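Because the structure is predicted, anything quoted here is derived from the model rather than measured.
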Amino acid sequence: AQLDFYKNIINNHEGRPAGVKSILINHKKFPFVVGVLSDIIEVDDHYKTAVESALGEYNNYLVVDTRKNAQKLLAESRQRLSIFSLDTIPQNVSSKRKYPAKSILSTIVCDAKIKKLLDILLWDVCILSEKDVETDIKTTDSWNWVSLSGNYYSRGFIHKSCGKGNDSVIGRKQKLEQLNKDYGKVEKQVQEVNSNLETIVKDADTTRKTLQIKTDELDLGINKLNEL
């Protein structure tokens with residue numbers, strides 16, 4: 001049931017903006033679309049809420065290969081669209097940084113081209129320690145901060161929360177792939193059990209037949225003895 005639930009969400013692109021949804025449904029028409037940003041990154045469950053909050057509206061941005069194709073989508077769609085084109089992402093000059101805490105980037109696994117994009121979007125975001133008092137963040141802090149619960153603080157006056165009790169949009173395909181793997185393992189185990197059960201039944205049937213033969217032979221021997 002859980003596997004079917006996630007398949008339905010992925011296949012129907014539930015929770016996506018109308019413009020994004022229409023393009024994903026017609027993906028064969030737009031093969032240059034890499035996907036939705038939150039679908040093409042992998043994050044450990046422990047950090048998913050923090051990453052989703054830090055990305056904010058970028059979660060639902062489409063990622064395409066070139067600027068030309070991005071413009072093509074904008075020209076063809078009547079819906080609102082937000083797009084990243086991978087061929088025009090600038091190089092972030094601050095490649096070696098000394099973070100005051102764990103960086104949000106260190107929690108994300110993705111393709112090298114997507115990493116270059118994330119390096120632009122999230123280079124200055126750090127994760128608050130669970131021991132930190134969130135309200136004590138200095139207004140002059142040059143870093144942006146996000147807690148594991150998804151509370152985001154930027155430049156001292158921007159405060160965001162991704163809410164509570166909602167399933168993260170991060171890595172939904174990853175979740176489906178894991179469920180498929182788990183289902184495959186369970187299915188294989190069931191097949192092995194069924195195979196072993198068939199063997200046991202066959203062995204039991206063979207034993208029963210052998211026992212019947214021996215019983216018949218014993219009865220025959222008893223009858224012959226009685227005739228003496």
Side-chain angles (χ1 to χ4, degrees), residues 3 6-45 47-97 99 103-125 127 144 146 150 152 154 160 162 166-181:
L3 180 61
Y6 273 95
K7 279 184 176 180
N8 183 62
I9 288 179
I10 296 297
N11 293 336
N12 295 316
H13 309 288
E14 297 296 336
R16 300 300 183 193
V20 171
K21 191 173 181 179
S22 65
I23 288 171
L24 294 177
I25 289 174
N26 296 291
H27 189 260
K28 290 183 179 179
K29 184 181 177 181
F30 309 106
F32 50 81
V33 174
V34 180
V36 179
L37 182 57
S38 60
D39 275 345
I40 55 180
I41 61 175
E42 295 183 13
V43 181
D44 186 87
D45 287 345
Y47 297 105
K48 279 185 177 180
T49 302
V51 172
E52 181 177 350
S53 183
L55 282 173
E57 66 179 65
Y58 298 141
N59 281 296
N60 284 316
Y61 272 45
L62 282 172
V63 179
V64 302
D65 56 357
T66 66
R67 179 181 180 182
K68 181 179 179 181
N69 282 328
Q71 292 175 332
K72 179 181 178 181
L73 282 181
L74 292 177
E76 291 188 13
S77 178
R78 296 182 179 180
Q79 305 281 356
R80 291 183 179 181
L81 283 178
S82 298
I83 305 171
F84 290 121
S85 54
L86 294 177
D87 67 330
T88 53
I89 299 172
Q91 183 68 41
N92 196 331
V93 293
S94 302
S95 57
K96 295 182 179 180
R97 312 179 188 94
Y99 287 96
S103 71
I104 199 75
L105 287 171
S106 67
T107 68
I108 304 173
V109 177
C110 59
D111 179 85
K113 291 182 178 180
I114 305 303
K115 188 178 185 303
K116 185 179 177 183
L117 168 62
L118 293 175
D119 200 42
I120 295 291
L121 302 177
L122 302 175
W123 72 271
D124 59 350
V125 182
I127 300 174
N144 294 322
V146 65
Y152 181 83
S154 177
K160 295 193 303 180
C162 60
N166 298 318
D167 288 335
S168 175
V169 298
I170 298 291
R172 294 197 297 189
K173 286 187 177 180
Q174 176 188 356
K175 178 70 173 179
L176 180 60
E177 288 171 1
Q178 185 59 49
L179 285 172
N180 271 319
K181 288 181 181 179

Open item on the list: Is any side-chain heavy atom of V20 closer than 4.5 Å to one of L81?
Closed with: yes
Task: For I127 against S103, the heavy-atom pair lying closest together - done: CD1-O, 4.2 Å
Open item on the list: Could you tell me if the side chain of L118 sits less than 4.5 Å from the side chain of L55, heavy atoms only?
Closed with: yes
Open item on the list: Salt bridge or not between K48 and D45? Use side-chain N to carboxylate O under 4.0 Å.
Closed with: yes
- [ ] Report yes if some heavy atom in the side chain of L37 is under 4.5 Å from a heavy atom in the side chain of I114; otherwise report no.
- [x] yes
Open item on the list: Using side-chain heavy atoms (C-beta onward) and a distance below 4.5 Å, is I40 in contact with D111?
Closed with: no
Task: Set of residues satisfying side chain to side chain contact (heavy atoms under 4.5 Å, CB included) with respect to K72, sequence neighbours excluded - done: F32, N69, E76
Task: Exercise: identify the closest heavy-atom pair between K160 and G56 - done: NZ-CA, 3.9 Å
Task: With Y99, the side-chain contact (heavy atoms from CB on, under 4.5 Å) member among L105, D124, V125 - done: L105
Task: Test item: L121 and F84 side chains (from C-beta on) under 4.5 Å apart, heavy atoms - done: yes
TODO: Taking the side chain as every heavy atom from C-beta outward, state whether V36 and L62 have any atom pair closer than 4.5 Å.
DONE: yes
Task: Contact check, side chains of V64 and S85, non-hydrogen atoms, under 4.5 Å - done: yes
Task: Residues that N59 engages under side chain to side chain donor-acceptor pair (under 3.5 Å), provided they are two or more places apart - done: none
